[in-house]
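A short write-up of the structure that comes next.
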Amino acid sequence: MVSGKKLRLFHFLFEMLEDPGMAHCLYWVPASVGVFRFSSTYKEHVAALWGQRKGNRRPMTYQKMSRALRNYTRSGEIIKVRKKLTYQFSGATLTTLRSQQRMKNA
DNA sequence: ATCCCTGGGATATTCG
DNA sequence: CCGAATATCCCAGGGA
């Protein structure tokens with residue numbers, strides 16, 4: 001048991017993106033709504049943090065985290081952008097994420 | 001050819 | 001026991 005409440009991968013990534021301190025490893029791509037990119041140098045750090053947050057037995061890697069990201073293609077939360085290490089939240093997912101963020105800050 | 005990124009099937013695990 | 005959401009494993013394809 002990690003904490004009791006489920007934290008989804010896309011929620012975690014959104015949190016990282018909203019944290020200025022994480023900008024060196026994960027950041028929004030200017031000019032495109034909901035598009036973000038991993039730093040090729042620190043992508044493994046983001047994965048490691050995700051694995052720690054979930055309390056996984058074995059360390060999380062970008063390879064495994066990206067596999068989970070590809071599953072979102074089927075469910076529609078996130079789609080892959082043709083550019084390297086770049087993905088995009090679907091409009092609906094982004095709307096949900098942003099509204100939840102407002103409620104938290106209110 | 002090598003490295004790195006990408007795509008996805010199969011199976012295991014955790015939790016409600 | 002069942003299903004959702006990964007987690008883990010693994011292999012293949014493509015581009016610089």
Side-chain angles (χ1 to χ4, degrees):
Chain A
M1 40 195 110
V2 180
S3 63
K5 185 178 182 179
K6 280 184 182 177
L7 174 66
R8 295 254 253 144
L9 176 55
F10 69 90
H11 270 53
F12 171 79
L13 293 179
F14 185 71
E15 284 180 16
M16 293 297 104
L17 286 162
E18 291 301 300
D19 182 351
M22 297 305 296
H24 61 295
C25 49
L26 181 64
Y27 52 93
W28 292 113
V29 176
S32 299
V33 182
V35 178
F36 60 96
R37 185 141 65 211
F38 288 92
S39 149
S40 61
T41 303
Y42 301 108
K43 58 185 186 302
E44 296 294 352
H45 181 56
V46 178
L49 288 176
W50 170 233
Q52 286 165 33
R53 189 70 169 280
K54 289 292 292 295
N56 297 335
R57 294 185 174 186
R58 316 235 353 97
M60 179 50 69
T61 61
Y62 177 75
Q63 172 97 180
K64 291 186 290 182
M65 182 177 69
S66 61
R67 178 70 190 81
L69 244 24
R70 289 195 289 278
N71 282 160
Y72 283 145
T73 298
R74 291 189 63 188
S75 46
E77 286 94 346
I78 293 176
I79 57 178
K80 186 70 180 74
V81 173
R82 302 166 305 287
K83 291 182 180 178
K84 180 191 284 188
L85 301 172
T86 307
Y87 297 80
Q88 173 172 34
F89 286 106
S90 68
T93 301
L94 198 56
T95 297
T96 301
L97 254 16
R98 291 206 190 295
S99 64
Q100 287 175 11
Q101 175 186 44
R102 275 197 294 283
M103 288 193 275
K104 191 174 65 174
N105 293 326

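Each chain gets a letter, A, B and so on, in the order its sequence line appears, and its residues count up from 1.
One finds a side-chain N or O of A:Arg8 lying less than 4.0 angstrom from the OP1 or OP2 phosphate oxygen of C:dT6. Residue A:Asn56 has a polar side-chain atom (N or O) positioned under 4.0 Å from OP1 or OP2 of C:dA7. A:Arg70 has no side-chain polar atom (N or O) that falls below the 4.0 Å cut-off from OP1 or OP2 of C:dT6. One finds a side-chain N or O of A:Tyr72 lying less than 4.0 angstrom from the OP1 or OP2 phosphate oxygen of C:dT6. The side chain of A:Trp50 contributes no N or O atom lying less than 4.0 Å from OP1 or OP2 of C:dT6. Residue A:Tyr62 has no polar side-chain atom (N or O) positioned under 4.0 Å from OP1 or OP2 of B:dC4. For A:Lys6, no side-chain nitrogen or oxygen approaches OP1 or OP2 of B:dC15 to under 4.0 Å. Side-chain nitrogen and oxygen atoms of A:Lys64 include none within less than 4.0 Å of the OP1 or OP2 phosphate oxygen of C:dT6.
If you take CZ of A:Arg57 and C1' of B:dT13, they are 8 Å apart, rounded to a whole angstrom. Rounded to an integer number of Å, the gap from CG of A:Asn71 to P of B:dG9 is 10 Å. In this structure, A:Arg74 atom CZ and C:dA4 atom C1' are separated by 12 Å, rounded to whole Å. One can place CZ of A:Phe10 at 9 Å from P of C:dA5, the figure rounded to the nearest angstrom. Taking atom CZ of A:Arg37 as the reference point, atom C1' of B:dC4 lies 16 Å away to the nearest angstrom. Per the geometry, CG belonging to A:Leu9 stands 15 Å off C1' belonging to C:dT8, to the nearest Å. If you take CD of A:Glu44 and C1' of B:dC5, they are 11 Å apart, rounded to a whole angstrom. Residue A:Ile78 contributes atom CD1, which lies 13 Å from atom P of C:dA5 at whole-angstrom precision.
You'll find that the side chain of A:Lys43 is closest to B:dC5, out of B:dT6, B:dT14, B:dC5. Closest approach to the A:Lys84 side chain among B:dT6, C:dT8, C:dT6 is made by B:dT6 (side chain taken as heavy atoms from C-beta onward). In the set C:dT6, C:dT8, B:dC5, the nucleotide with an atom closest to the side chain of A:Ser40 is B:dC5. With distances taken from any side-chain atom of A:Ala68 to the nucleotides C:dC9, C:dA7, B:dG7, the minimum falls on C:dA7.
Within the 4.5 Å cutoff, side-chain heavy atoms of A:Phe12 are placed close to those of A:Val46. Using a 4.5 Å heavy-atom cutoff, the side chains of A:Phe14 and A:Arg98 are in contact.
Using a distance-only test at 3.5 Å, with no hydrogens or angles considered, a donor-acceptor pair links the side chain of A:Thr86 to the main chain of A:Lys84. The main-chain N or O of A:Leu7 is never found under 3.5 Å from a side-chain atom of A:Lys54 such that the two would form a donor-acceptor pair.
Looking at heavy-atom distances under 4.0 Å, A:Met65 makes no contact with the nucleic acid at all.
A salt bridge links A:Glu15 and A:Arg53; the closest N-O separation between the charged side-chain nitrogens and carboxylate oxygens is under 4.0 Å.
Using cut-offs of 30° and 60° on the angle between ring planes, the pair A:Phe10 and A:Tyr72 is perpendicular.
Pairing for C:dC9 goes to B:dG9, judged as Watson-Crick or G-U wobble with the two contacts each under 3.5 Å.
Between the side chain of A:Arg67 and the base of B:dG7 there is no donor-acceptor pair of N/O atoms closer than 3.5 Å.
Nearest-nucleotide mapping onto DNA chain C: of A:Ser75 and A:Gln63, the residue sitting toward the 5' end is A:Ser75.
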